[in-house]
Amino acid sequence: MVRDVAFGQYFPGNSLIHRLDPRGKILMFIAYIVIIFCTFNYASLGIVAAFTALFIILSRISPKFYLKSMKVILFIVLFTSVLNLFYGTGDPIWQWGIIKVTYDGINRAVFVTVRIVCLILASSCLTFTTSPTALTDAIERLMKPLKAIRFPVHEVAMMTSLALRFVPTLLEETDKIMAAQKARGADMEGGNPIQRVKALVPVLVPLFVSAFRRAYDIATAMECRCYRGGAGRTRMKSIHMSGRDAAAFVLLLLTLAGVIICNILIPSAV
Amino acid sequence: MSCVLELQNIGFTYGLGTPFEKRAVDGVSLKIEKGEFIGVIGHTGSGKSTLVQMLNGLIRPTDGRVLLDGRDIWEQPKKIRDVRFRVGMVFQYPEYQLFEETVYKDIAFGAVNKGLEGEALDKAVRDAAAFTGVKESHLEKSPFDLSGGEKRRVAIAGVIAMDPDVLVLDEPTAGLDPMGREILLSQIVNYHKQRGTTVLLVSHTMEDIARVADRILVMNHGCPEMFEATKKVFAQGEKLREMGLRVPQITTITETLRQRGVNVPDGVLTVDEAVDVLLPLLKKEGRTW
Amino acid sequence: MNFISIQDLYFSYADETDPQPHVNAVDGVSLTIDKGEFVAVIGHNGCGKSTLAKHLNAMLLPDSGKVIVDGDDTSDETKTWDIRERVGLVLQNPDNQLVAGIVEEDVAFGPENLGVEPGEIRRRVDEALKAVDMYEYREHAPHKLSGGQKQRVAIAGVLAIQPQCIVLDEPTAMLDPNGRDEVMNTLLKLNRERGITVVLITHYMDEAVKADRVVVMDSGRILTHGTPEEVFSQVELLKKHRLDVPQAAELAYRLRGCGVKLDKIPLEADECIKMLGEAMK
């Protein structure tokens, strides 16, 4: 079932990674995405993989959950790597009709796979160790300069955080509505594409109605708890940069430097 | 009497083959006779919801068989939809499943899926609406314009319109006020009497179960702990309390009196019965005016 | 001491353009609630009890009449937020009042809105969670909790604002019997140990009998009110309006109708057993 998925979940804890400033984590994650697409040979890929592994170990969350988070995207990973396997140029090692496998193809497949896997692991590491509130709080603070151009920073952050909170609730609700409609003989599996889209109506209509009802309730509950926008709000968990964050940044810079040096010294593999 | 549903050692494990395996229902075997009114009780997480969803094939048992009129419902998995028309299932808060433009269309949804049309369909819809007290004038309204209690009646009518042989209701009175509970319950009883449909009522409200059920199935940790006549089940107050369940207040009163040596029979379930048994005793004591 | 005073309150949801006949949701209610009282409000769906509840913290304002909370008129817009700090409102569906993905962050939401400084928020959150026995769950995700636990977190969320009064609008309607007990015990504890005024709106008579005072509403008006003993001994009146009566009370009432000498109407099983036991010894 959809809601059993570990991807995007938060695991409370007190590890080194948990205690990093969420703003720093977001910035590092963005930098990490850039770095991972700058890996052109196995040495630089290895450095990034090692960096990823270090963070995973330091997060003190069972690898079981990291594996589980990959299960969701397994199909995409397999699909893209297989596609890349056959799209290489150069001399074929193995050929069957128009399908051929080349060294180049294998290289591409390996690179794409490792990059995607690292990316998923890193994003899991971010969400596993950072609560949704901390995450949106950090986004709010990072986007603060945008307030100057009248961008509703606080509102966007609050909406994001509420949306994240209600994802599991709405997934659960979807399951319930689907079961109820199936019990009335709704056919969710069979039929042509048009029939399948039509079969969604009995699920989507109640889901939207319920989402609106919830939204109304939440708004009432928030007002009852003295919510009146972002002005004058404080935070229980104040966030501030510390030595830990500096160390993490240095580590990331070293990784970047390593990748650049490898790229200069070693010829690229793809 | 003949048996309409038979469960042969059925069980269900969530997440089979993963590290998150959880046994929800464990080896349940029982027979339900045609036309019975069965109460299903058990605390939250006792497996009763999973169990009832196996009766109409919404959940496929990981082991054992469910026989409907003697035939395994999973004999032809592709035809499992047919089973859902024969074992009607009303979920908790069914009003949240309404989606059609009119009340009439929503009640008809299941019956249309079953293949009814024309006059037969019209009759099924109107009969079902009558059973649950949906007003004729509401049939052409949008279901979203009705009050909460009215919506619920529409939703239940939608299942009744499929004319199932077995009707399963999961907490049909949850969240209703005392008058709404009372009315809905008597409508269900009335439907059961007139149509002779087998009814399974899942509820936490013991007073309701005590009033209507012939037999009670008590679920605990995924197993049927008791499956006996209502009187016999509620006479075992101590055992029920150990399972985190309670008995109707009136039964607690008469049972305690009986333990203290007052000569009342066991399994008194309603205030009417209690008055009948206590009044002669009080008269004998000269406690009346 | 008088904490909330409702004076001749009228309120209607109908808008001017609606041709439907004008029906008042609350139709002339006057009521006072004392500091430290535990008041239960019962009545059918649509009898106006939820509308009344929303007037107590200025979520709704009277069409006519007044609601005075601790000396402040709810219609005075400059006092709205002061009033909401003093009177917390807990709603029926626990899922829809929890706004954060972690229990303790949800409880912090109220004080954060008030601009309380971080250290103090932490202290209030921990204290509120301990008061409802949910401290061990502070780092859990709300959607993994049981209904009773969620509702207790919602109560903690209101407690962290440090109100003098908590109003609860059918907080147990969606819970199973164990969840209902958890919530009820929490409320009784908060009322007795911390002197918090509780206004509980409910359908369940077994909850209402535990209150200091019961108010019965019907069609927007107060039908009767008084101690649970006073209210539930009016079995006939309650039955006429199709309201529930505890079975113990009904039994005693019926026996009395058949000529049995009983000097009072018991509300709970124990009391009833004692009375009948003595009568038959």
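The sequence lines fix the lettering, A, B, ..., with proteins before strands; numbering per chain opens at 1.
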| field | Portion of F144(B) that has a non-hydrogen atom of chain A nearer than 4.5 angstrom | value | side chain

| task | Could you tell me whether a side-chain N or O of T205(B) sits under 3.5 Å from a main-chain N or O of D208(B), the two making a donor and an acceptor? | result | no

| So which of L98(B), I59(B), N56(B) has the largest heavy-atom pair count under 4.5 angstrom toward chain A? | L98(B)

| For F37(A), does the CZ atom have more than 12 heavy-atom neighbours from other residues, nucleotides or ligands under 6.0 Å away? | yes

| remark: From the list L204(A), V209(A), I177(A), the residue making the most non-hydrogen contacts under 4.5 Å with chain B is V209(A)

| query | For Y32(A) and T255(A), does a side-chain donor sit closer than 3.5 Å to a side-chain acceptor? | reply | no

| said: Please identify, among Q92(B), R84(B), Q97(B), the residue contributing the most non-hydrogen atom pairs under 4.5 Å to chain A. | reply: Q97(B)

| Interatomic spacing from CG in L74(A) to CD1 in I116(A) - rounded to 0.5 Å | 11.0 Å

| Going by the angle between their ring planes, with limits at 30° and 60°, are F128(A) and Y66(A) parallel, tilted or perpendicular? | tilted

| task | Among the options I80(B), V83(B), D106(B), pick out the one with the most heavy-atom pairs lying under 4.5 Å from chain A. | result | D106(B)

| message | Need one label for F91(B): side chain, backbone, both or neither, based on atoms under 4.5 Å from any heavy atom in chain A. | response | side chain

| query | Under 3.5 Å, side chain of T132(B) to main-chain N/O of R153(B), donor-acceptor pair present? | reply | yes

| task | Examine whether an atom of M89(B) lies under 4.5 Å from a heavy atom of chain A, and if so say whether it belongs to the side chain, the backbone or both; otherwise answer neither. | result | both

